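The next block holds one structure in the form of structure tokens; read it before the comments.
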Protein chains: 2
Amino acid sequence: MGRWEPDAKGRMVRAAMELFAERGFEQTTAGDIAERAGVTERTFFRHFADKREVLFDSSRTLERTAVEAILAAPADDPPLDAALAGMLAAGGLLEGRHEHSVRRSAIIAANPGLQERELLKLAALAEATADALRSRGVADPAATLAAQSAVTVFQVGFARWVSAEDPPGIGVCITDAAAALRALR
Amino acid sequence: MGRWEPDAKGRMVRAAMELFAERGFEQTTAGDIAERAGVTERTFFRHFADKREVLFDSSRTLERTAVEAILAAPADDPPLDAALAGMLAAGGLLEGRHEHSVRRSAIIAANPGLQERELLKLAALAEATADALRSRGVADPAATLAAQSAVTVFQVGFARWVSAEDPPGIGVCITDAAAALRALR
DNA sequence: CTCTTTGATGTCAGGCACTGACATCACGAC
DNA sequence: GTCGTGATGTCAGTGCCTGACATCAAAGAG
């Protein structure tokens, strides 16, 4: 395990957040990030598939948490309810990190390439959610539609949570967004 | 206008489709595409912001068509109905191009970078749709939610249309997906 | 205590994506 | 015929990312 300075990955993530906030994503090279983290550029690319991935290291944890919550939901919950339970669980991971989420969102909002990557992660979350619903016996296209709807609710709720001055709970934001979706006609 | 061989852009689009189908996206360089189209690599990048964009040249037309249909929908249509009218109009543009759509989808499905770009275009479509709804007097978050739901319906319907052996109308596929969404509840 | 193994890291060379600066050329306007 | 205009060609350069190989700290075997 750690024979050198420990947590090289964490150091790179923090260095990247700092540099992206200071000069912007495009004005920061992979070598810059590595240097501030005390490693070489080559090591950076051993930990992250590309320069953008350094901002999405926790997306797999989010996905896993959502899937587990969906599988743990009451068996008679309708598909959308189960999927939304997954989104609430995922949101819970961010509960204590409002300030960090705001900074990260600002960085992503400032760069189309990073928005692309975020959309890919959300699509992966939707796909994992749909798989979880299918393993609960939900057939397509209902599984796909419920999963994608839940992720949309997560996006809308998260956006409001991040833009709020006095941060409410993210759970409230997600629940409100879910209610607004159901109120559509 | 055209003082050289006309339709350089169209030639590049066709050359790219051929090469991506033959060897795959990553195994094709921008220089390869340019060469087959009879231009230089530098000219390729004057027409397309990056290598992926060559597959998404028609996305702005799709977006414009959807917006116009939404604005033309009956004023008393509920938000989701109006948004879906936009998706049906957009789908209409593909009606006569099933084979082309199948080939293009296969290329995109084979490469994560292209999927990212497609997600970005769909997000732009959703944002334009939401804007159109807002200009009809729909407030947020209903506008965002209805727009994103409509785009999801478009995606699901399109996917079924593309994977169908004996292609039905794409309008039927979209309408069916919309019905499945409404049946969620 | 020494040797070996293991895995993370460093070093180096190179391909491809993309860009800025400048030259060139075809065609239309006058 | 000259001149302007816009698309194209040419060239040099930066940054992203990868493969191949060397190195080194620490853990385990004897």
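Chain A is the first sequence line, chain B the second, and so forth, proteins listed ahead of strands; every chain is numbered from 1. All of these numbers come straight from a predicted model, not from anything done at the bench.
- When rounded to the nearest whole Å, the span between CG of N111(B) and P of dC16(C) equals 16 Å.
- Rounded to a whole Å, the NZ atom of K9(B) is 11 Å from the P atom of dA7(D).
- If G31(A) and G38(B) are placed on DNA chain D by their nearest nucleotide, the residue sitting closer to the 5' end is G38(B).
- Residue H47(A) contributes atom NE2, which lies 16 Å from atom C1' of dC17(D) at whole-angstrom precision.
- In this structure, CZ of R42(B) is placed 14 Å from C1' of dT14(D), rounded to the nearest angstrom.
- Summarising the geometry, the separation between CG on D50(B) and P on dC16(C) is reported as 17 Å, rounded to the nearest angstrom.
- Relative to the six-membered ring of F56(B), R104(B) meets both conditions, a distance below 6.0 Å and an angle of at most 45° to the axis.
- For dG9(D), its base sits under 3.5 Å from the side chain of R46(B) at one donor and acceptor pair at least.
- Taking 4.0 angstrom as the limit, T43(B) places a side-chain polar atom (N or O) nearer than this to OP1 or OP2 of dG9(D).
- Rounded to an integer number of Å, the gap from M12(A) CE to dA8(C) P is 12 Å.
- Rounded to a whole Å, the CD atom of E26(B) is 18 Å from the P atom of dC16(D).
- At least one donor-acceptor pair under 3.5 Å links the side chain of S163(B) to the backbone N or O of A159(B).
- The side chain of F45(A) lies closest to dC17(D), out of dC17(D), dT19(C), dA17(C).
- Between E41(A) atom CD and dA8(C) atom P the separation is 20 Å, expressed in whole Å.
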Exercise for review: Please lay out, stage by stage, how D32(A) and K51(A) fare under the test salt bridge (charged side-chain N to carboxylate O under 4.0 Å, His left out).
Suggested key: CA-CA 11 Å; D32(A) 292 337; K51(A) 190 178 141 190; over 6 Å; no
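- Side chain of Q115(A) to backbone of A109(A): a donor-acceptor contact under 3.5 angstrom is found.
- Checking dC16(D), dT10(D), dT9(C) against the side-chain heavy atoms of A8(A) singles out dT9(C) as nearest.
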